[in-house]
Amino acid sequence: MPELPEVETVKRGLLPLIGQRWRHVTVRRADLRRPLDASAFSPWRDATVCAVTRRAKVVALELVRADGARAYLRFHLGMSGRLYFTDPASEWLPHEHLELAFSASVLRFRDPRRFGWCDLLPADDYASWSATLAPEPFSPELTPEWAMRRAGRSSIKAVLLSGRVVVGVGNIYACEALYRAGIAPQRLAATLSAEEWAKLIAAVRAVLEAAIAAGGTSLRDYVTVDGAPGWFQVQLAVYGRAGQPCVRCGTPIERIVQQGRSTWWCPRCQAG
DNA sequence: CGCGCTGCCTGGAAGC
DNA sequence: TGCTTCCAGGCAGCGC
């Protein structure tokens with residue numbers, strides 16, 4: 001279930017593609033979360049990968065063509081998507097939907113639940129899409145002032161998940177960040193003070209930083225592009241820990257449902 | 001427009 | 001043990 005740290009880890013694993021040329025795409029299954037349109041790829045054959053980037057939970061290869069035109073090959077891993085290098089001759093595994101051949105590497109996309117997608121966008125369209133999104137967690141644009149302007153009328157948990165204040169925060173890190181900041185998930189976002197927002201923004205950054213440093217969270221099926229598991233799970237303080245004692249105060253962690261999603265929290269440490 | 005609910009999809013776990 | 005049901009997740013689309 002990739003969130004930002006997992007996608008960031010995948011991004012770093014794809015850096016060896018820089019300098020390689022994209023040669024070929026093989027589609028085994030096109031009905032992903034968004035239908036895969038391989039015909040959009042063909043004008044970009046032999047383009048060179050000049051950068052690997054990430055925006056929110058999307059990882060992208062920046063391609064530059066001989067005529068100078070640029071495009072972005074975007075991947076969204078959904079919740080079960082994986083991207084890894086493989087041998088050119090290796091047999092197709094179940095749920096492998098896509099293969100991209102580069103001059104020195106072969107990349108495959110596997111996604112049992114097919115919540116992920118892949119497309120190729122001209123650089124202008126990529127920039128327009130990126131401009132519609134809220135700031136990245138580590139962006140200096142993410143300030144308490146910005147957050148208070150964008151808070152809206154929902155609970156703070158819903159606002160974190162919605163992406164209207166900051167992108168890339170999914171259910172796991174929303175729960176963990178609220179715990180670390182000592183803020184109750186049911187609080188209306190509009191009632192948070194500048195100080196509380198500052199604390200929450202710092203908490204979001206801290207949990208994401210720790211998760212990236214650990215190579216991403218692994219709940220069940222997340223692995224890096226090299227196939228190594230990312231075991232950050234042991235460090236989660238509240239997520240999935242209903243009934244277990246809070247690591248700080250011993251109060252049993254509670255599970256509630258907000259917007260149809262589970263929230264885990266400590267009613268004592270997050271009394272605010 | 002903003003907000004919340006629903007459906008997409010599959011495999012693993014829990015319940016009967 | 002074998003069947004059914006539920007749940008996880010991001011996000012688009014819909015209705016209020």
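The side chain of A:Arg255 places no N or O atom within less than 4.0 Å of a non-bridging phosphate oxygen (OP1 or OP2) of C:dC7. A sub-4.0 Å separation between OP1 or OP2 of B:dC9 and a side-chain N or O of A:His95 is absent.
In this structure, A:Asp111 places its CG atom 17 Å from P of B:dC8, rounding to the nearest Å. If you measure from atom NE2 of A:His97 to atom C1' of B:dT10, you get 10 Å, rounded to the nearest angstrom. Summarising the geometry, the separation between CG on A:Asp31 and C1' on B:dG7 is reported as 16 Å, rounded to the nearest angstrom. In this structure, A:Leu36 places its CG atom 17 Å from C1' of B:dC9, rounding to the nearest Å. We find that CD1 of A:Ile156 is positioned 12 Å from P of B:dC3, with the value rounded to whole Å. The distance from atom CD of A:Gln259 to atom P of B:dG7 is 17 Å, rounded to the nearest whole Å. Atom CZ in A:Arg113 sits about 10 Å away from atom P in B:dT10, given to the nearest Å.
A:Gln20 and A:Thr48 form no side-chain donor-acceptor contact under 3.5 Å, judged by distance and modelled atom types alone. Between the side chains of A:Ser103 and A:Arg21, no donor N or O sits under 3.5 Å from an acceptor N or O. At a cut-off of 3.5 Å, with distance as the only test, a side-chain donor of A:Gln258 or A:Thr263 sits close to an acceptor on the other residue.
Residues passing the side chain to side chain donor-acceptor pair (under 3.5 Å) test with A:Arg23, sequence neighbours excluded: A:Asp46.
The side chain of A:Ser262 approaches C:dA8 more closely than any other nucleotide in the set B:dT10, B:dG4, C:dA8.
Salt bridge status for A:Glu176 with A:Arg180: absent, with no side-chain N to carboxylate O gap under 4.0 Å. With respect to A:Asp31 and A:Arg29, a salt bridge is recorded, a charged nitrogen being found less than 4.0 Å from a carboxylate O.
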Just by protein heavy atoms under 4.0 Å, how would nucleotides 10-16 of chain C read 5' to 3' in B, S and -? BBS----
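Nearest-nucleotide mapping onto DNA chain B: of A:Arg153 and A:Arg29, the residue sitting toward the 5' end is A:Arg153.
Within the nucleic acid shown, A:Arg150 has no heavy atom closer than 4.0 Å to any nucleic acid atom.
By the 6.0 Å contact criterion, CZ on A:Arg153 is open, its count of non-hydrogen atoms from other residues, nucleotides or ligands being 12 or less.
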